Amino acid sequence: MKKQNFRTPISPAESQAACKAVLASDKFVHAPRMCRLLHFLVESAICGNSRNTSEYAIGIEVFDRNVATYSTTEDPAVRVQVGRLREKLKDYYAAVPSEIEISIPLGSYMPIFRRSSDANIYPDDTLLFRPIRAISECTKGQCFALGLHEELLHQLFLAFNSITLIQHSEDDFKVRHSNESKKASNAAAKHLFEGFVRIDSQRVRTSVHLLDLEHNQIRWSKQFDRNNCYDISLQEELAFSICQELKLFMLENGLDHFGQDSPLSEQAQQENRITHIGQGRRLTSQ
């Protein structure tokens, strides 16, 4: 197993200081809306409040959209402004190298804080895992997707040496096949795993994909149909089936994530890690 490297922890005070430095710069000081957006996103990230960084929440809180009439489908203001902010941050750090850098990955509105001295902290065998998304807006579909995500996270944790979670956003479909995801997450990871849930009156269909970020290709895709029920037992069974199919594919194709078809040793299990980029924190099994 490859030796893992870790980021030096970044404190909330350091993150806030990095934000203040950006806001006081020539590139931002005359752009009040951009400053308000960055400050809001940074404070939400420090507090670990990912709900505040949904496209809808940003539109309401930052751009003063009307709660009764605001539609993210019809109003692209948040997507446009976050895209500009993303590029503006890149330009700023290109001109003003800093110890703590702030970036906003494609497919996410949650900023990431990193030390400039930390480069490519994730090894080649890291698997990026995007949260399972319900295409349907119904409450049952959303709840089922959240439960399935948790069950899959557990199964993948047992199977992989390193998993990196990345946040999704409302315009996720537009960027999910872009190899920029690799650059945005500051990772050397080669693969991204994602899934989508659709439901009707009779079935629950879960579609999962393994994306090759290096070549911008779909390496593996499979659909799982189940009877229309939403209990934990279905989430457990479905997560286990998905993980087994994925593991079989990767073993058959000699991908780096599985070096052997045997249970991990106790030492290897202790080295398993789940990294959560979006909230800037790391959970480990140790």
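The model shown is predicted, which means the values in this text are computed figures rather than measured ones.
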## Note on the structure
Taking every heavy atom of Val29 against every heavy atom of Ala24, the minimum-distance pair comes out as CB-O, 4.3 Å
### Task
Please check if atom CD in Glu74 has more than 12 non-hydrogen atoms from other residues, nucleotides or ligands closer than 6.0 Å.
no
### Query
Which pairs with one or both residues in residues 58-67 pass salt bridge (Lys or Arg N to Asp or Glu O under 4.0 Å), sequence neighbours excluded?
Arg36-Asp64, Arg65-Asp75
### Task
Treating Ile, Leu, Val, Met, Phe, Trp and Tyr as nodes and any side-chain heavy-atom pair under 4.5 angstrom as an edge, say whether Val96 and Ile102 lie in one connected cluster.
yes
### Query
Less than 4.5 Å apart, any side-chain heavy atom of Ile58 and any of Leu37?
yes
### Query
Taking only residues two or more places apart in sequence or in another chain, which ones pass ring-ring contact (aromatic ring centres under 6.0 Å, His included) with Phe193?
Phe129
### Query
Should Val42 and Phe113 count as side-chain neighbours, where that means a heavy-atom distance under 4.5 Å?
yes
### Message
Are Leu152 and Leu248 linked, directly or through intermediate hydrophobic residues, by side-chain heavy-atom contacts shorter than 4.5 Å (ILVMFWY only)?
### Response
no
### Query
So which heavy atom on Glu101 is nearest to which on Ser116, and how close?
OE2-CB, 3.8 Å
### Intermediate values then yes/no, side-chain contact (heavy atoms from CB on, under 4.5 Å), Gln16 and Ile46
CA-CA 8 Å; Gln16 290 171 333; Ile46 291 174; 3.4 Å; yes
### Query
If we only count heavy atoms from C-beta on, is the Phe63 to Gln81 side-chain gap below 4.5 Å?
yes
### Task
Enumerate the residue pairs fulfilling salt bridge (Lys or Arg N to Asp or Glu O under 4.0 Å) with a member in residues 9-35, sequence neighbours excluded, ordered by first and then second residue.
Glu14-Arg115
### Task
Please list, chain by chain and in numerical order, all residues satisfying ring-ring contact (aromatic ring centres under 6.0 Å, His included) with Tyr70, sequence neighbours excluded.
Tyr56
### Message
Using the salt bridge (Lys or Arg N to Asp or Glu O under 4.0 Å) criterion, which residues pair with Glu151? Sequence neighbours excluded.
### Response
none
### Task
Answer yes or no: is there a donor N or O on one side and an acceptor on the other, between the side chain of Ser54 and the main chain of Ala57, under 3.5 Å?
yes
### Task
State which residues pass salt bridge (Lys or Arg N to Asp or Glu O under 4.0 Å) with Glu87; sequence neighbours excluded, sorted by chain then number.
Lys90
### Query
Less than 4.5 Å apart, any side-chain heavy atom of Lys88 and any of Met34?
yes
### Phe28 side chain reached by Ser25 side chain, heavy atoms, under 4.5 Å
yes
### Task
For Phe249, enumerate each residue passing the side chain to side chain contact (heavy atoms under 4.5 Å, CB included) test, keeping only those at least two apart in sequence or located in another chain.
Leu210, Arg219, Trp220, Asn253, Leu255
### Message
Can you list everything that forms a side chain to side chain contact (heavy atoms under 4.5 Å, CB included) with Asn227? Sequence neighbours excluded, please.
### Response
none
### Query
Among all residues two or more places apart in sequence or in another chain, which pass the side chain to side chain contact (heavy atoms under 4.5 Å, CB included) test with Pro76?
Arg79, Val80
### Summary
The side chain to side chain donor-acceptor pair (under 3.5 Å) partners of Ser241 (sequence neighbours excluded) come to Glu237
### Min side-chain heavy-atom separation Asp212-Ile218 under 4.5 Å
no
## Note on the structure
Here the gap from Ser201 atom OG to Asn228 atom CG, rounded to the nearest 0.5 Å, amounts to 7.0 Å
### Message
Under the rule for salt bridge (Lys or Arg N to Asp or Glu O under 4.0 Å), what residues qualify as partners of Arg205, not counting sequence neighbours?
### Response
Asp225
### Same cluster (ILVMFWY, side-chain, under 4.5 Å), Phe240 and Phe224
no
### Message
I need the Glu236 CD to Ile232 CD1 distance, nearest 0.5 Å.
### Response
6.5 Å
### Task
Please assess Cys19 against Leu38 for the test side-chain contact (heavy atoms from CB on, under 4.5 Å), listing each intermediate value before the final yes or no.
CA-CA 8 Å; Cys19 180; Leu38 178 60; 4.2 Å; yes
### Task
With rounding to the nearest 0.5 Å, note down the distance linking CD in Gln223 to CZ in Phe196.
12.0 Å
### Interatomic spacing from NE2 in His149 to CD in Gln235 - rounded to 0.5 Å
12.0 Å
### Query
Are Arg198 and Ser207 close enough, and set up right, to give a side-chain contact (heavy atoms from CB on, under 4.5 Å), and what steps lead you there?
CA-CA 8 Å; Arg198 289 179 289 164; Ser207 303; 4.0 Å; yes
### Query
Rounded to the nearest 0.5 Å, how far does OH of Tyr92 lie from CG of Leu23?
9.5 Å
### Task
Report the distance from atom OG1 of Thr69 to atom CG of Asn66, rounding to the nearest 0.5 Å.
3.5 Å
#### Entry: Sub-4.5 Å side-chain heavy-atom contact between Leu156 and Leu246
yes
### Query
Do Asp91 and Tyr93 meet the criterion of a side-chain donor-acceptor pair at a distance under 3.5 Å?
no
#### Entry: side-chain contact (heavy atoms from CB on, under 4.5 Å) assessment of Leu148 paired with Leu146
CA-CA 5 Å; Leu148 178 59; Leu146 287 172; over 6 Å; no
### Gln142: partners by side chain to side chain contact (heavy atoms under 4.5 Å, CB included), with sequence neighbours left out
Ala134, Glu137
### Query
Between Ile104 and Val82, is any pair of side-chain heavy atoms under 4.5 Å apart?
yes
### Query
Which atom pair, heavy atoms only, marks the closest approach of Ala145 to Ile132?
O-CB, 3.9 Å
